[in-house]
Amino acid sequence: MTAAVAPEKPEMPDSLGTSKRNGTAGAASLRSVARNYVERVRGGELGALPAVLGLIVLCVFFAALRPVFLSELNFANLLTQGAGSIAIAMGLVFVLLLGEIDLSAGYASGVCAAVLAILLTDHGWPWFAAVGAAILTGTVIGLLLGVLVAKVGIPSFVVTLAAFLGFQGIVLMLLKEGTNISIRDQTILAVANNNLSPALGWSLFAVSVAAYAAIQFRQNRNRRQRGLATSPPTLLAVRIGGLAVLGAVAVHLLNQERSRNVIVDSLKGVPIVVPVIAVLLVAGTFLLQRTSFGLHIYAVGGNAEAARRAGINVAAIRITAFVICSSLAAVGGIIAASRGNSVDPNTGGSNVLLLAVGAAVIGGTSLFGGRGRVVDAVLGGMVVAVIQNGMGLMGYSSGVKYAVTGSVLLVAAGVDALSRRRAVQR
Amino acid sequence: MTATPILRLRGIDKSFGPVQVLHDVSFDVHPGEVTALVGDNGAGKSTLVKCIGGIHPIDGGEYWFEDEEVQVHSPRDAAALGVEIVYQDLALCDNLDIVQNMFLGREKRRGLVLDDATMEEMAAKTLEGLSVRTVKSIRQQVSSLSGGQRQTVAIAKAVLWNSKVVILDEPTAALGVAQTAQVLELVRRLADNGLAVVLISHNMNDVFAVSDRIAALYLGRMAAQIRTSDVTHAQVVELITSGRSGDLGLATTNGATA
Ligand SMILES: Nc1ncnc2c1ncn2[C@@H]1O[C@H](COP(=O)(O)OP(=O)(O)OP(=O)(O)O)[C@@H](O)[C@H]1O
Ligand SMILES: [Mg+2]
């Protein structure tokens, strides 16, 4: 008779599995974690290392030559200067992860800022409605770009180069050939010009550190209970302690009085853009590192054909990345409008896009796709801001500033290309 | 014979435009056995496999799975039946780690959040079940793996999903001697665990080392499906090169009816 062998589910019998679990046992020692890290760096996985080192070197350099660089006022300036392009750079990370580029993100932010200004000032919309409309404009722009790239199949370089020109024109048309619309809404102006009260700054800091620690501990406990590899406790302490110390120093410095004339106007506290950027950073990091969507972005950037065969809707992932990019560009435009107290045809123009791309790449996001994180945009954005700010303090002309920033971008892209070659060669 | 086939194809035709690549192909795959699919370059092996995997729609014929006729239109349909294919180019993402690759497109989640712990557990268990001891850590990026290790990951990915039929398209083509032996051992173990395995290979030694049955395609026609123990190397080579060997194989092409 036909003794049908029941097709056994591949819940492979344990009798076969005599091996120890592959690298999943217990807490890894600090040394093995360090060794792994060194190995990864040598294998071309530099991550944020160059940006962090560069930031430290630049800060020491400028502080030595121009002590005013370290003043509280300048520190606060640095943060508000960098915030707009950091927001745009965060969006670019999503597109760069796919191995695509968005050259129009700068002017997209300009279009959205113009929409904001017109609705606020000319039409008297409440700030939240105008902000919503500006971000929606970004979303629609991203949808358009994404469909042209993913569905029609035009290379993103060409689509966004065309959009770069087109949006420049739209900004001019919206602003009636170059008039300047000033922003008078107090809430919008506050974003880049006002500060949290010192007490609020400290409480937000405490809540963030506590939340970070709680998440880390919970994750580690869950993994320990299930017998999976956990981070060594020392590493955990260093991470949480590092965040706490850096954050505390920053909040403390920013809570000092920065006003030259206290009687006229007190100026202290964490600039409001800082929590705005922090929220975007946390949300973006969560999306990329903890959700299927984020994983699929990395997969499409790493090997689009493999992603397709795994049943991932590659076109949808591409379109969504462009939507996120342009929507974050809108946020960057809102911050720029707030900081400039107005919107003009140059908002989002000139070097805004290049600085944002530079920020993402300097921070460690690869131009070849598949590698990068949202935090890269923040670190790289700080490097760019420090260069601009420090060189300004030293009295260099904008020409020199551009040249130096361009060189740094080139160096970062070179490091990216070389480390990629190294990774491929193995 | 022994087991009833889990997968049965009958009269499969497949054309690409004017070119008919598969002619009236019948193919049986049995649980607990390794079926070697052999044939010369261009005989239609990969095409047949892609039809089974839902990548190419079939033009005509019947697709039976577990005694039911089914329609397979996409890779998802095949996966839902429990048919997994390891492609020759493997299709792994170099920038993701082993666990992420194994679960790509079918991640375990808790609410919105990826359930890394569960995926890591399942991946470790599957690799353990395959007695894979060569990878250092399952959180290693795939770019750092050797060819054999990558092949192993691709196979483990196919086995993870309660799959019933695993099809491997030339899994050892790019591997060295030692790694080939490892992969073949793994292939044999899958079948011994009750899965139906289809192995495409050009290497007769490998075919005779692990297979229970051999199916030989000749110019898009199934020349013969026989038990490995019933034939010799020379006979299989003849089936591959001329479509027949003694009384085995296709009726002589000269005498075929018009
Ligand atoms: N997508 C396609 N479009 C047109 N023709 C195709 C396509 N795929 C395969 N063919 C043709 O079908 C025939 C069989 O190809 P197939 O890849 O199935 O052969 P194979 O047996 O796998 O060969 P090999 O051993 O070289 O891998 C070849 O003549 C090939 O040119
Ligand atoms: Mg083939």
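Quick caveat, the model's predicted, so the values are computed rather than measured. Sequence lines set the chain letters: A, B, ... in the order given, protein chains first and strands last, and positions in each chain run from 1.
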Looking only at heavy atoms, what is the nearest atom pair of [X] and [Y], with distance?
X        : Y        : value
A/Ala310 : B/Leu104 : CB-O, 3.6 Å
B/Asn95  : A/Gly302 : OD1-CA, 3.3 Å
A/Ala306 : B/Ala91  : CB-O, 3.3 Å
B/Arg76  : A/Gly311 : NH2-O, 2.8 Å

Crowding at CZ, A/Phe157 (>12 non-hydrogen neighbours, <6.0 Å):
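Atom CZ in A/Phe157 is not crowded, with 12 or fewer foreign heavy atoms closer than 6.0 Å.
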
Verify the neighbour count for atom CD of B/Glu69: are there more than 12 heavy atoms of other residues, nucleotides or ligands below 6.0 Å?
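Yes, enclosed.
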
Establish, from distance only, whether the side-chain atoms of A/Thr291 and B/Arg109 form a donor-acceptor pair under 3.5 Å.
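Per modelled atom types, A/Thr291 and B/Arg109 side chains form no pair under 3.5 Å.
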
Counting heavy-atom pairs under 4.5 Å to chain A, which of [options] comes out on top?
options                                : value
B/Asp94, B/Thr118, B/Val165            : B/Thr118
B/Leu92, B/Leu112, B/Val166            : B/Leu92
B/Met122, B/Arg106, B/Lys157, B/Gln141 : B/Gln141

With only heavy atoms counted, which part of [X] is less than 4.5 Å from chain B, the side chain, the backbone, both or neither?
X        : result
A/Arg290 : both
A/Phe293 : neither
A/Gln289 : backbone

Working to the nearest 0.5 angstrom, can you tell me the gap between A/Asn303 CG and B/Asn101 CG?
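Answer rounded to 0.5 Å: 9.0 Å.
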
Gap separating the CZ atom of B/Arg139 from the CG atom of A/Leu228, nearest 0.5 angstrom:
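Taking CZ in B/Arg139 and CG in A/Leu228, the distance rounds to 9.0 Å.
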
When A/His296, A/Arg308, A/Glu305 are compared by non-hydrogen pairs under 4.5 Å with chain B, the top option:
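Top option by heavy-atom pairs under 4.5 Å: A/His296.
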
Which bit of B/Ser146 comes within less than 4.5 Å of chain A, counting heavy atoms only: side chain, backbone, both or neither?
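No part of it gets close to chain A.
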
Using non-hydrogen atoms only, which part of B/Gln140 is less than 4.5 Å away from chain A: side chain, backbone, both, or neither?
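B/Gln140 has no heavy atom closer than 4.5 Å to chain A.
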
Are any non-hydrogen side-chain atoms of B/Glu120 and A/Arg223 less than 4.5 angstrom apart?
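Yes, close enough: below the 4.5 Å cut-off.
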
